[in-house]
Each structure stands twice: as C-alpha cells, then as structure tokens.
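Everything numeric in this text was worked out from a predicted model, so none of it was measured. The figures here come from the full heavy-atom set of this structure, side chains too, leaving out hydrogens, waters and symmetry mates. In each ligand, atom 1 is the first atom listed, and ligand 1 is the first ligand listed.
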Amino acid sequence: MRLNKYIARAGVCSRRRADELTANGNVKINGNLVTSPGVDVGERDIVEVNGRVIAPPKKFVYILLNKPKGYITTVRDDRGRPTVMELTQDIDERVFPVGRLDADTTGLLIMTNDGDFAQTVAHPGHEVHKTYRARVAGVISKEKLAKLRRGVELDGRLTAPAYAELVRQSHSNAVVDISIREGRNRQVRKMFAAVGSKVIDLQRTAIGEILLGGLKTGHWRKLSKAEIDSLLGNKGE
Ligand code: URA
C-alpha cells in the first residue's frame, strides 16, 4: 500500500497532508526517515508519524446509523451530552462519524474506522447528494420551493441548485424533501429560514444512492460493498 494511503487509512490525516508530512521529514519507516511519498509500505513495516507508531485497522467496517435526536455527532462531547459513539458500542471495531448531523437532526449517518474513506467522503469537493425530509411550520408556497431550488443567499453566497419537492401540506405545517450537494453548517435549516420558514423536524433520508429505509432509530446496519463503492464513485469491479 502506498505510504500516503497507509497514513490516511490509519486516520492520521488526508493523503495530501500525508505527502506533506512525508516531504517535511515527519515520517519514518522501520526507523529510517523517508521523504519520498511514492514509497510502498509492506505488511511488516513499522511506520511512525511524528514519533508515534501508526497502523490502519486490520479490518475495515462501514456502517449506517439512524441517529436519534439529541445525540451529538462527535467522538467526545465536552459537555457530557450523549454521542453517536454510544450507539455503536456493540461493534468490535471503533468506528467514528463521517461528516456530521446537528444534535436535533435524525437519520442517516455513516460511520467507519477507515480514515481514508472518511476523508474522501466528507471532503467538501466530493459531491454526493444528501437528501433530507423536513417538517416545516406553516405553508410552503410554490414560490418558496422555487427559491429553494434556485438557491438562496447564505452568509453572502448563493447555495447551489437543489432538488425540493412538497410531500404534503396540512393547515399548520408542510413536509418537504430537499436534496443538496453542499454541506454548509446547518444548511437545510438556514435555507428554510432564508425563505421565511422554520424547520420543526429534520431527518436525513439518503446520501447519494444509500437510503435510510426502514432502519429503526438508534439502530445501525453494515453498508454493502456496492453502497461503499457508490460513495467513492466506483462503478464496481
Ligand atoms: N442541514 C442542517 O440544517 N442540519 C443538518 O444536520 C444537516 C443539514
């Protein structure tokens, strides 16, 4: 395995950063300084980054969790609130979240112990559509839907064109499916706020081709090989 992939898979940093660390003399293999990023790492090689021995996990695990409300998407919370890590204690490998959902948002969260995969999928330039079902106070008019689709201004910058469809409208609230390919902070809530609507509930229902489906809240399942490949843009072997 190439050195930069080995370092990324161990969860140290991205492949690009691994190349920089290597070029800057922060990496040793079997005690010898290496500065060429093109080096291959074998099974028995011992790799050190900044004096710490690192290694990718022996077995990679990729799961989909249906995150409940109130759980924080982090490995550790300073304020002692429940984290998504508590919901994956029954997995032998220690998986960590890929990207994040707000505490109040429920639904599809991918978790893995593959640092390289996590870096690739969570990178802002990695354009995978994320779909949400939002319950919103009041009426969602055709005009509001059109604005959401065209893009609204958030922090001085227009959002990219989005898919937005009204699922149902009752007298007090509306349910809207919205699909975006950016991942700005609290983007869906802010997009609705920009058209004058307040989100009451938000659930992520899909990431690219991966669907939450009928998975129960607080439960997880393994991703299939096809689902993992679909996130990486691989069409299968
Ligand atoms: N948009 C939001 O507003 N919140 C999320 O958790 C995800 C997307």
| said: Are Val12 and Val39 connected into the same hydrophobic cluster when the rule is that any two of I, L, V, M, F, W, Y join if their side-chain heavy atoms are below 4.5 Å apart? | reply: yes
| query | Side chain of Lys67, backbone of Thr105: donor and acceptor closer than 3.5 Å? | reply | yes
| Say you draw a straight line from NZ of Lys69 to CD of Gln203; how long is it, rounded to the nearest 0.5 Å? | 10.5 Å
| Backbone N or O of Pro68 within a donor-acceptor pair of the Thr217 side chain at under 3.5 Å? | no
| task | Inspect the contact between Lys190 and Glu153 and indicate whether a charged nitrogen and a carboxylate oxygen are less than 4.0 angstrom apart. | result | no
| request: Give a yes or no on whether Lys198 atom NZ has more than 12 heavy-atom contacts from other residues, nucleotides or ligands under 6.0 Å away. | output: no
| Name the residues in contact with ligand 1, where contact means a heavy atom under 4.0 Å away: which are they? | Leu101, Asp102, Thr105, Tyr132, Arg186, Gln187, Val188, Arg189, Leu202
